[in-house]
**Student:** 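One structure, as structure tokens, below. Some questions next.
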Amino acid sequence: MNTGRVVTSEAGSGAPSLLDYVGVLRRRKWIFLLTLVLVPAGAIAFSLSQTPIYKASADVLLTPQDAVAGVGGGQSGYVDPARVAETQAELARVPTVVRMVLDSLPGNGLTLEKFLKASSVTVTPGSDLLSFSVKNSDPRLARQLATAYAKAFSEYGYGLDRKALQARHEGIVTEIARLEAEGGARGTGYRDLVRQDQQVAAALAVQTPTAQVVREADRAVKVAPRTVRNGALATVLGLVLALGVAFLGDALDTRVRSVDVVRDVLGIPVLGQLPSPTREMQKEGGLVMLSDPTSLEAESFRTLRANLNFANDRYQAQVIMVTSAAGAEGKSTTAANLAVALARAGRRVVLIDADLRRPHLHQLFGLDERPGLTDVVLGDAEIGQALRAIDLADTMTEQGRRAARGAGSLEVLPAGHALHDPDELGAEAAVARILQGVRDRADVVLVDAAPLLPVGDAVALSAHVDALLIVARLKSLRSATLDELERILSAAPVAKLGIIMTGAPRSRAYSTYQRYGVESPTSAVEPLLTSTVRPWTARPEEEEAREQGIRRHG
């Protein structure tokens with residue numbers, strides 16, 4: 001099952017909404033913004049590092065060729081001006097014209113190939129003008145080359161026309177000489193040839209170029225780099241690329257971000273969503289239910305307590321194991337705060353640290369590590385000696401008032417020294433005996449067990465408890481881990497009361513309740529929270545999921 005989808009509908013089904021896509025951008029905002037900024041910045045930096053290129057242009061007017069073609073008896077007729085202009089533009093690219101340009105400006109550092117690459121000849125639509133353009137890093141040289149190019153083409157065209165007239169003149173002279181030698185100097189044909197020869201001689205005398213420079217290159221315009229245009233295009237490209245990178249990164253991210261996905265895959269209702277503790281609380285490493293029982297985080301544990309009472313109403317489980325899929329999901333902190341919340345509501349609670357590989361509860365309560373569970377297993381201590389009573393009456397509220405003291409109590413059994421291989425001591429059977437022994441002295445026994453996936457301790461211990469609570473940290477739980485967790489829970493015969501999600505975002509509703517809590521002391525509402533009134537999290541779909549989980553997992 002692929003639970004790490006690009007976009008997950010908040011409802012858990014149906015087509016993604018606009019808010020889902022916005023959620024993707026919110027999750028990937030840093031990579032989105034970084035891509036959006038770096039692409040235009042790179043384009044602008046690259047443009048600024050390039051050598052500026054300038055472009056200069058000169059214009060040449062083409063004279064209709066009929067004026068030359070009709071001289072001396074030549075054939076004249078309609079010629080398409082557009083075709084003539086295109087022909088002249090191609091003619092301007094011949095090597096002879098380019099060499100004339102380069103020879104006119106010695107020391108320009110250009111070869112024939114470089115000049116052809118840096119220059120162009122275009123036809124002005126609807127006119128007889130040719131535009132000669134040259135690009136160069138030196139604006140002055142660009143102007144000189146463009147003007148020289150236009151003049152060289154005009155001279156080249158003038159030379160071609162003159163050669164054509166001279167060839168016609170030589171042909172007429174040859175024909176006249178032939179007629180004179182044959183004695184035909186008095187005929188009509190002879191007189192026509194003489195008249196044509198006179199016309200050609202006159203044309204040669206007054207010949208003007210058929211391509212005349214009408215505008216020299218008087219200025220050079222910067223054409224590269226076009227920093228503003230490149231920056232604008234790069235911004236559009238960066239936006240598209242940033243969106244692609246954001247959604248691709250979200251698609252490759254296998255973290256589970258939706259509580260609904262966890263609930264649907266495991267088939268177990270969600271009992272609570274716990275916000276991450278504040279930085280001060282994380283630094284101190286304490287328990288919010290002891291140090292700040294009127295805070296936002298403490299209220300979330302009271303809600304969890306009420307939901308747990310409701311979920312356990314059917315099973316009446318006394319020994320409840322708190323575990324998780326992997327480590328660092330807040331399992332021990334959740335179990336400890338929940339134990340305090342239950343005790344403050346009047347329950348007799350025993351909290352046992354059964355995570356013998358990485359015990360943590362003694363640190364949360366500030367207790368000595370020994371004597372603990374392993375000492376009881378080894379026979380070095382009695383269960384009564386290892387259990388430590390937690391004084392709930394000395395916890396102070398944020399306003400300086402003493403927290404309400406109910407009839408409940410809390411006893412903590414530390415793990416003792418850590419074990420690398422609990423099987424060596426037969427820990428499973430011994431812990432099972434200890435659990436049986438503490439049933440008479442507690443209303444609720446919470447067992448902080450090892451994670452389910454890394455080691456098999458919790459799986460084996462699940463056979464000796466009444467029910468399970470699964471702790472999962474939102475956004476750190478991977479889809480493959482969730483699938484494996486579902487497989488293990490399906491095989492476990494013990495009842496699954498629900499899922500506790502940690503690392504949930506702080507909602508606006510929590511903030512409002514926190515402001516209300518400042519005016520309403522916890523002591524006034526503490527006894528009311530022990531009732532089994534239907535909590536707000538038990539939505540109809542969760543009830544249905546719970547029923548399916550009961551039928552599926554027994």
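Residue numbers count from 1 along this sequence. None of the values given here were measured: they were computed from a predicted structure.
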**Student:** So, the side chain of Thr63 versus the backbone of Thr210: is there a donor-acceptor pair under 3.5 Å, distance only?
**Tutor:** yes
**Student:** Heavy-atom count around Arg229 CZ within 6.0 Å, excluding the residue itself: above 12?
**Tutor:** yes
**Student:** If you compare all heavy atoms of Phe132 against all heavy atoms of Ala92, which two are closest, and at what distance to 0.1 Å?
**Tutor:** CE2-CB, 3.7 Å
**Student:** Are Asp448 and Lys331 ion-paired here, with the side-chain N under 4.0 Å from a carboxylate O?
**Tutor:** yes
**Student:** Hey, is Arg487 close enough to Glu484 for a salt bridge, meaning N to O under 4.0 Å?
**Tutor:** yes
**Student:** Glu180 and Tyr190: side-chain donor and acceptor closer than 3.5 Å?
**Tutor:** yes
**Student:** Nearest 0.5 Å please: distance from the CG atom of Leu141 over to the CG atom of Leu105.
**Tutor:** 7.0 Å
**Student:** Rounded to the nearest 0.5 Å, what's the gap from CG on Leu130 to CG on Leu61? Could you check?
**Tutor:** 9.0 Å
**Student:** Using a strict 4.0 Å threshold on nitrogen-to-oxygen distance, state whether Arg255 and Asp253 make a salt bridge.
**Tutor:** yes
**Student:** Check whether any side-chain heavy atom of Ser120 sits under 4.5 Å from a side-chain heavy atom of Val134, and report yes or no.
**Tutor:** no
**Student:** What I want to check is whether the side chains of Ser490 and Glu486 have a donor and an acceptor closer together than 3.5 Å.
**Tutor:** yes
**Student:** Check whether any side-chain N or O of Asp161 sits under 3.5 Å from a backbone N or O of Tyr158 as a donor-acceptor pair, and report yes or no.
**Tutor:** no
**Student:** Check whether the side chains of Thr188 and Arg191 place a donor and an acceptor atom closer than 3.5 Å, and report yes or no.
**Tutor:** yes
**Student:** Rounded to the nearest 0.5 Å, how far does CG of Leu91 lie from OH of Tyr156?
**Tutor:** 5.0 Å
**Student:** Is it true that Asn230 and Thr227 share a donor-acceptor pair across their side chains at a distance under 3.5 Å?
**Tutor:** no
**Student:** Taking everything shown except Arg226 itself, do over 12 heavy atoms lie less than 6.0 Å from its CZ?
**Tutor:** no
**Student:** If the threshold is 4.0 Å, N to carboxylate O, is there a salt bridge linking Lys117 and Glu113?
**Tutor:** no
**Student:** Can you confirm whether the side chains of Ser332 and Arg358 place a donor and an acceptor under 3.5 Å from each other?
**Tutor:** no
**Student:** Tell me yes or no: between the side chains of Ser57 and Ser133, is some donor less than 3.5 Å from an acceptor?
**Tutor:** yes
**Student:** Can you name the closest pair of heavy atoms from Val288 and Ser295 and give their distance?
**Tutor:** CG2-OG, 3.1 Å
**Student:** Do you see a donor-acceptor pair shorter than 3.5 Å between the side chains of His169 and Gln166?
**Tutor:** no
